[in-house]
Amino acid sequence: MPSNTSSLLQVRGLSCERDGRALFTGVNFALKVGSALQLEGSNGVGKSTLIRTLIGNTKEYHGEVLWRGKSLPGALPQLRQSLLYIGHSAGIRRGLTVLENLLWYGAKPAEALEALARLKLCGFEYSLCGELSAGQLRRVALARLFLDEAPVLWMLDEPLMALDVHGVEVLEARMAQHLSSGGVILLTSHQPVALSPLERVDLTEHVGDQEVWHSEIAYGT
Amino acid sequence: MGLKPPGAGITGEAKCKRKIGPGFFTLLRCELLLALRRQSELVNPLLFFVTVLALMPIGIGPEPELLTRLAPGLIWVMALLATLLSQEALFRGDYEDGSLEQLALLPQPLYFAVSAKILIHWLVTGLPLALLSPLLGLMFNLPIAGYLPLAFSLLLGTACLSLIGSIGAALTVALRRPGLLLALIIMPLYVPVLIFGSGAVQAALDGYGYSMELAVLAAILTAAGALAPLAAGAAIRISLDH
C-alpha cells in the first residue's frame, strides 16, 4: 500500500483489548508533520493503552500502525528513536534530585538548568524529588520537553494533570512551538488543550464489541 | 529571561542521532546515589545477616566443635537469605515510578541498564556481607584456615546470587506481593552456588585445597554475568507488557 509520506504516524483499524475485555475497535487517525492529536474518552476507555500499544509496550492488538510508512513492530526501533513518552507514572525517581533526574535522561547540565528555569523550578534543582508536590513532580517530568533537540514524536499521557494555570500556559506554548518546528504530538487529556491545529479522537465512539474478542484474540505478529 | 528557544529545528532524521537516555556511567552513578539514599534497604539485609547469625549460637548451644562444624553452612545460608531479602526491591522502585518503562523504550538494549543495577546491588549488599563474614566466623569459632575461603567464596558467590536473583526480580516486578513466588523461582538456581560456596570453606577446614570450588564459583559468575542481565532484560519486557 503506498503510504502518504507526510504522515509520520498512521493508525488504521486499531483494536485493543485488556485482560480479555475489548477496549476499542477500528480506531483510525494519521499524524502529519506539525500536527497534534488529542485522545478523548471516559475513564477506562483505553487512552493509555492506545499510547502503550503505539510505543510497543502492549503487543496484543489488531490493526495496522505505520511509522514513516513502515509498519510496526518492524519499525518500532525507528519509532522509539524519535520518541519522547511521558506516561502516567512520569519516570521521575524520587530518590534523585531534580537535576539528577534530568541528567539521567541524557541532558547536559546547562540545558537542564535552562529547562528548569522555564518551568519555574529555580531553587529546586538540588531538592530530592520525593519532597516535591505532585504538580512540581509533573513539571520535572515535563522539563524533558524543554531540553535541546527534543525528539520529533511526543506522546504525552495526561500532561496537564496536577499542573497550575501557569504550568498549562508554558506547556501549551512549548507544544505550539514544537508543532511549528515540525514535531508531532499525541496526547490524552480530559481538559481542553489550547493548541492548533489539534485533531480530536473520541475513543468512546469506538468502544468495542465484546463478542469479537472471544472468537479471535490477536497476540501481535 | 533571555533564554534561547529550546528544540529549535528538530525535523529530519539527522536530529535523531542525538544520544537519548543515560550512558552506562550515568546509570551507575544514579543507582549508587539511590542505593546510598535508601539507607534502610541498604542496612536491612546486613542487619538480618548479623542478628540471625548472632542468635544461632544461643539457639543451638555454645559447644565450640558443634559451631565450627556448622559455621560454613550457616553463614552461607544466611548470606543467601539476606541476598534474597534484598532482591525484591531491585526493580520495584523503577517499575513503580515509570523509569523502568522509560529505560525499556530506549533504543539501547536493557542489558547495560540491568547490569548497572545488579552491579550496584552487589556493591551494597554482597560486598559488605563478604567483608563482614570473617567477623562472624570468629563468632562461630571458625579456624583461621577458614577465613580466607569464606571471604573469597562469599565475594564470588554473592555476585552470582545478585545476578541470578535479578532474573526472578524482573519476572515478578509487576506482582504486588512477589515474596514467596520470587523465592520459589530463584532458590533452586541458588543451590549450586550454595553447594560450592560452603564446600570451599568446608574443604579448607578439612585441610584440602579449595581452589576447585572457587574456580567453579568463578565459572558460574562469568556465565551468570554474561547471561543473567540478558534474561532479566527480557523478563522486564514481559512484565511491562501487561
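What you are looking at is a predicted structure, and each value in this text was computed from that prediction instead of being measured. Letters A, B, ... are given to chains in the order of the sequence lines, protein chains preceding strands, and every chain is numbered from 1. Reckoned from all heavy atoms, side chains included, excluding hydrogens, waters and symmetry mates.
Ion pairing between B:R37 and A:E100 holds under the 4.0 Å rule for side-chain N and carboxylate O.
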- Task: List the steps and the verdict of salt bridge (charged side-chain N to carboxylate O under 4.0 Å, His left out) for A:R94 and B:E96.
- Result: CA-CA 11 Å; A:R94 285 162 182 272; B:E96 279 165 3; over 6 Å; no

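Using a 4.5 Å cut-off between heavy atoms, A:T97 contacts chain B through both its backbone and its side chain. Heavy-atom distances place no part of A:L84 under 4.5 Å from chain B, backbone and side chain included.
Atoms OH and OG1, from A:Y105 and B:T26 in turn, are 13.5 Å apart once rounded to the nearest 0.5 Å. Between the CG atom of A:L96 and the CG atom of B:L33 there is a distance of 6.5 Å, given to the nearest 0.5 Å. Taking CG from B:D94 and OG from A:S89, the interatomic distance works out to 11.5 Å, rounded to the nearest 0.5 Å.
Atom CZ of B:F152 is surrounded by 12 or fewer heavy atoms from other residues, nucleotides or ligands within 6.0 Å. Heavy atoms from other residues, nucleotides or ligands lying under 6.0 Å from CZ of B:F112 number 12 at most.
In this structure a side-chain-to-backbone donor-acceptor pair under 3.5 Å is present from A:R52 to B:L240. Judged by distance alone, with hydrogens and angles left aside, the side-chain atoms of B:Q102 form a donor-acceptor pair with the main-chain N or O of A:Y85 at under 3.5 Å.
The side-chain heavy atoms of B:L34 and A:R93, taken from C-beta on, include a pair separated by under 4.5 Å. A:W104 places a side-chain heavy atom less than 4.5 Å from the side chain of B:S99. The shortest distance between side-chain heavy atoms of B:L105 and A:L83 falls below 4.5 Å.
Ranking A:I86, A:T49, A:I55, A:L76 against chain B, the residue ahead of the rest is A:I55, based on heavy-atom pairs under 4.5 Å.
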